[in-house]
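What follows is a short report on a single structure.
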Amino acid sequence: MSEPDTTANTPDTPSHRYTSALAQDIELRWQQVWADDGTFNAPNPAGPLAEPEAVAARGDKLFVLDMFPYPSGVGLHVGHPLGFIGTDVYARFQRMAGRNVVYTMGFDAFGLPAEQYAVQTGTHPAITTNDNIANMRRQLRRLGLSHDMRRSVSTTDPEYYRWTQWIFSQVFNAWYDEDEERARPIDELIAEFEAGDRDAPDGREWSELSPAERNVIIDDHRLAYVSEAPVNWCPGLGTVVANEEVTADGRSDRGNFPVFKRNMRQWMMRITSYADRLIDDLELLDWTDAIKAMQRNWIGRSHGAKVDFESSAGTITVFTTRPDTLFGASFMVLSPEHPYVDELAGPDKADEIAAYRKQAAAKKDFERQDETREKTGVFTGAYATNPVNGEQIPIWIADYVLMGYGTGAIMAVPCGDTRDFEFARKFELEIPAIQTPPAAWFEERGLDVTLDTRQWPEAFIGDAPYVNSSNAELSLDGLVNKVEGISEMNAWLERAGAGEATINYKLRDWLFSRQRYWGEPFPIVYDDDGNPHALPDSMLPVELPETDQFSPRTFGPDDEFSNPESPLDRLEQWVNVELDLGDGMQWYRRDTNVMPQWAGSCWYEMRYLDPTNTETFCDPAVEEYWMGPQTQIRPDHPGGVDLYVGGVEHAVLHLLYARFWHKVLFDLGHVSSKEPYARLFNQGYIMAAAFKDEREIYVEATEVEGSDDDGFTYDDKPVTREWGKMGKSLKNAVSPDEMYEEYGADTLRLYEMAMGPLDASRPWETRDVVGMYRFLQRLWRNMVDEETGACTVVDEAPDDETDKLLHRTIDVVRVEMDALRFNTAIAKLIELNNAVTKLDATPRAVAEAMVRMLAPLVPHVCEELWRKLGHDETVTYIEFPTADPALLVDDTIEVPVQVNGKVRGRITIPADADQATAEAAALADEKVIATLDGRTPKKVIVVSGRMVNVVV
RNA sequence: GCCGACGUAGCCCAAUUGGCAGAGGCACAGGCUUUAGGUGCCUGUCAGUGCGGGUUCGAGUCCCGCCGUCGGCACCA
C-alpha cells in the first residue's frame, strides 16, 4: 500500500506556494542565520558570559529548562520532542513578551548503553557518545529550537564532571547538624570536637581518642560515607544499584536482571537526613499534586513510637504507628532475618526455624510482598514482656514482617490490624479486644455488638472507645479518639522508659557507587589504612583513565554470590598514585567505583548558566540572577528554575536526588535557591498504535494494513492493535525526517502543539498532520502571491469587524500562550486566519499581528513572512501584540433568553444594559411571549451580558 | 486494597465565577479548479457530555453512588 503523496510539487503548482520544499528551504535558511547571529544567546550579569548592559536592557529573567536527554544512537522519533517544542514555544513567547530568557539543551551522556556498545564493538564510549551528541544536536536544530548553544553541556566532558566531582567533595566534606537542621562543613564538626564542645558518641573526650578512632567518627558523620550495608547487587549488570532503580518485582530497571540484597561495602549519601525538608519544602513548589504525592510516598514519613519489649535475647524494639493499641499486643513477629532470631530459637525449634528462614530467603522480595498470599510463620518458643501490662507474649517469625522497614520487628495487635488478625486466626493466637467498634460496624457484618473477637470476621481499624486498656499508671479506657490515645500512651512510654514517640521513613540512604566504566570517577584516594581522602580541588578533574577493557565482570544473572569487579580495578597504573595530601609524598590507591548516572543530572541546570567558568561551577551572581528566590511572586518563593518540563518517570529518581544535592549546596552557601525547580510541568507522551501478530510479537506498524472496521493485517496475516508509548520496542515510531520531507518542521511543531494540551498523552495520527499544513498554506497565501512571491498585504486599515476579531484573538492568545495552553491559542489563530482568508486582501495591521503571534509556534515561516512584510530584523525580540481594550467590547450584544432553563429566544441589547432593561427586552421577545402563552413569570434571572432566564 | 488523574461527535480536542454544548483539526459527503487523480478552494452532515441520583432558575462544570481507562504505591507495622 502506498499513501498518496499529498504535498508533492507538480508542474502546475505555483512556484511560490508554501510547499514542503519551500518550507524546508525557509527552515534551513533561518536555522543557519540564527546560528550565525547567535540570535538566542542570553546575556549574563557576571562571569565569562557577562553582558551587564544587555541584561539591563531586557526585562525580568526567565529560566526555561527541559529534562536533558540521554544521547541515544537510535535518533529521535516524533514523540521525543513534544516537551522540547513546548518549552521552545514558551521561551520564544516570553522573549517577545520582554523577558530575558535562558534556554538551552545539554546531554546526560554517562550510562550503560554507550558502555555496552563499547563492550560489543571496542569503540570507546567517548567516541560513540560524541557522535550521538552531534547527531542529536543536528536533529534538535532541525526542529528550530531556540537554544543558546554556547550553554550546551555534556555530563561526560571532563570540564563538566570536574564540577560533579567537586560537588561530591563538598558532600563528602560536610555533615548534617541535626540541631540546626542543615549541612555544615566537616571542619566545623572537627573544631567542635577539638574544642571539647562535643564528645565522641561513646561519651569519651576527643583527646582520649586515637587518630584512627577520630577518623572513624568523623567519617561516620559525613554526608557521603562508605558503609557495609545491605545493597542491591545485580550480577547481570555486574554492579550494585540504588533502591530507586529496582523495580517492584525485584529486577533492575536497566536490563531487567534479578537483583539480590547483599551486604557490601559501598558509597552512600545521607539523603535520609534531608527527609523532612524534602517533604516539607514540597509546599513551596509549583508542581502537580500527583508528583508531590509520589515524592511524599517514596520518602514515606510516618509518625509513631518505638516500644521496647524485653526478651531472653535482649530488648526487642518495634516501630508502631498505633502505640495506643499496645494493650492489645498479644504476640510479636520478627522478620526471619532479624538478628535475634537465632538466640531466641528454642532448641526444639531450631530446625523448623532454619527451614523457614531458608524458605523465606529463597523468595524474592516481590513474592513476600504479595499480600494475597496466606500468612506463614513459625513460633520461636520464646516470649517477650509487653511493657504496658507485663504479659508474656509469644514471639513468632514470619515473612510478612520486612527487615527493611522499621526495626524488622512488630508488636502484633490482631484486633486492630488486618495482617495480624489473619495471622492470629491462622495460628490460633489470642485476639484480645481493646476497642468497642460502633454498632454500625457490627450491623454491616450481620453481628450483634460483641467484644468476643472469635465472632469478628476481621480486624477493626478506626476510632472507637478503648476498653481493657489500663494499668496502674495509665488508662485509655473511655477515650474515643486515637490522637488522644496515642498522645497519652507516648507520654507513658517516656515516663516508663519503655519507648518514645518517633518518626519512621521508608527512604533509605542513596547507594552512590557503581562498578562500571562509563561514569564519573570518585575524587577519592585511600591511604594504607584504608581511610578515604578527598582529593583537593586543584587535582580535579580526576579523568577517566584510558583502557580498552570497558566491561565490568558480569555474571550469570542469577549468580547471587558473585562479587562486583569494577573495570577500573584492573588499571593498576592508574589506581596506584603518589601524592602529597599534606603529609608529604605518599602512595595512595584510587577509588575504582564510578558515580551513578544520576550524579551529572543533579546540578546541570546551574552549569547551563555559566558553562565556561573555570573558577567555579557557577558564578554566585549568575546563579542568584537566574535562580534566586522570586519574592515578588511569593514571600516564601524557594528560587530555582522558572519552568521545568519533563516526563513523569523521574518523579522519584532524578527529581529527588537533584533536590537533595541542591539543598546541600544551599546549606553550604554555594547557591541562593533552596530548591532547583520552582515550577515543574509534566508533558504527556505521544502514543501510537502498535500491532502484534499471533505469536504476540510486535510488527512494524507502518506496514500494517486495514482499518478499525475491517481489522488489521500484516503480511496478509491478522494482527491485533493496542496503544502504547511511541518507540522502538513497540515498532511504532514515526521519524521526524518523514515529517520534514512531507511538510516541514513548522508543520510538525504546530501539529504537536495543536493536538491537545501539553500535559495530556495523545495518539499520533500522521493523517491529521495535513490540517496544520493547510493552515500554514492559507496563512502564506494571505500574505504572499503564490505565482510571484511578492507580498500582497495592503496598507488600508482593517474593517471594524476584522479589527475586533484581531484584538479578541490577541487577548485570548496572550493568555493561552502564557499558560502553556498552545492548543487553544492555535485554534484561535486558525479562526482568525480563516476570517482573513475571506477578505479581498490582508490588511498590514492584521498580517503583522498574526505573524508576531505565530512566531513562537512556527518560527521559520514567520521569520520569512516578517521579512516579506518589509522588516530587516529578526522577529525573535519583536514585542508580542497587545489587545486594545476598547476593541474587546461590543456596543450591543445578543443574549439567549431561556424559559425554565431552555433557550426559547434571543434578544439584542446594549452591552451595558442594566438588569431591568434586559428583563423588559426578554419579556417583550415574540418567541418568549409565545412560549409563556399568557403565564406570568414567577421570577426572572438576568446574568449580565450572558443570558436571561424566565421561570414560570 | 490504597492514592491520584481522566471519561464531551467516527477520531484528536474546545467550552470564564455553574450561564446558548462546539472553537480548531482530522475523517466523511457534495461542489469549484483540473484531461484525470492529487493538491488547493468553497459548502455541508453527525453527538448532548460513561451510568444513576442530588443541589440549583440553570449542571459537561458542584455533591453522592456506581462503571470504565490510565498512572503511582502496596503485607510499610
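Below, chains carry the letters A, B, ... as their sequence lines are ordered, and counting in each starts from 1.
Geometric assessment of K375(A) against the ring of F423(A) yields a negative cation-pi assignment under the 6.0 Å and 45° thresholds.
The base-pairing partner of rC76(B), taking Watson-Crick or G-U wobble contacts with both distances under 3.5 Å, does not exist among the strands shown. With a cut-off of 3.5 Å on both Watson-Crick or G-U wobble distances, the partner of rU61(B) is given as none. Base pairing of rC46(B) is not made with any nucleotide, judged by Watson-Crick or G-U wobble geometry with both donor-acceptor distances under 3.5 Å. Nucleotide rC6(B) has rG68(B) as its partner under the Watson-Crick or G-U criteria, with both atom distances under 3.5 Å. Pairing for rC41(B) goes to rG31(B), judged as Watson-Crick or G-U wobble with the two contacts each under 3.5 Å. A 3.5 Å limit on both hydrogen-bonding distances identifies rC13(B) as the Watson-Crick or G-U partner of rG22(B). Pairing partner, rU56(B): none, since no Watson-Crick or wobble contact has both distances short of 3.5 Å.
Nearest to the side-chain atoms of L402(A) among the listed nucleotides rA77(B), rU16(B), rC57(B) stands rA77(B). Out of rC76(B), rC12(B), rG19(B), the shortest distance to the side chain of M947(A) is found at rG19(B). The nucleotide whose nearest atom lies closest to any side-chain atom of I830(A) is, among rU16(B), rG25(B), rG40(B), rG25(B). If you check rA14(B), rC75(B), rG24(B) against the side chain of P757(A), the one that comes closest is rA14(B). When distances run from any side-chain atom of Y773(A) to the nucleotides rG40(B), rC42(B), rA15(B), the shortest one goes to rG40(B). Here the side chain of M294(A) is nearest to one of rG72(B), rC75(B), rC57(B), namely rG72(B).
You won't find any donor-acceptor pair under 3.5 Å spanning the side chain of D768(A) and the base of rC26(B), going by distance alone. The base of rC57(B) is not paired with the side chain of K938(A) by any donor and acceptor separated by under 3.5 Å.
At rG19(B), none of the side-chain N or O atoms of Q898(A) fall inside 4.0 Å of OP1 or OP2 (strictly under the cut-off). Within the structure, a side-chain polar atom (N or O) of R774(A) is placed less than 4.0 Å from OP1 or OP2 of rC26(B). Residue N823(A) places at least one side-chain N or O closer than 4.0 Å to OP1 or OP2 of rA14(B). The phosphate of rC57(B) (OP1 or OP2) has a side-chain N or O of K939(A) nearer than 4.0 angstrom. For the OP1/OP2 pair of rC41(B) and a distance below 4.0 Å, the side-chain nitrogens and oxygens of R781(A) include at least one atom meeting the criterion. Regarding contacts with the backbone of rC41(B), a side-chain N or O of R778(A) is found under 4.0 angstrom from either OP1 or OP2. Neither OP1 nor OP2 of rC2(B) sits under 4.0 Å from any side-chain N or O of N297(A).
Heavy atoms from other residues, nucleotides or ligands lying under 6.0 Å from NZ of K306(A) number 12 at most. Other residues, nucleotides and ligands contribute more than 12 heavy atoms inside 6.0 Å of the CD atom of E894(A). Around the NZ atom of K426(A), the shell of radius 6.0 Å holds more than 12 heavy atoms that belong to other residues, nucleotides or ligands.
Atom pair L829(A):CG and rG24(B):P shows a separation of 13 Å (rounding to whole Å applied).
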Before giving the answer on side chain to side chain contact (heavy atoms under 4.5 Å, CB included), spell out for E752(A) and W764(A) the whole-Å C-alpha distance, their side-chain angles and the decisive distance to 0.1 Å. CA-CA 9 Å; E752(A) 296 214 3; W764(A) 175 270; 3.6 Å; yes
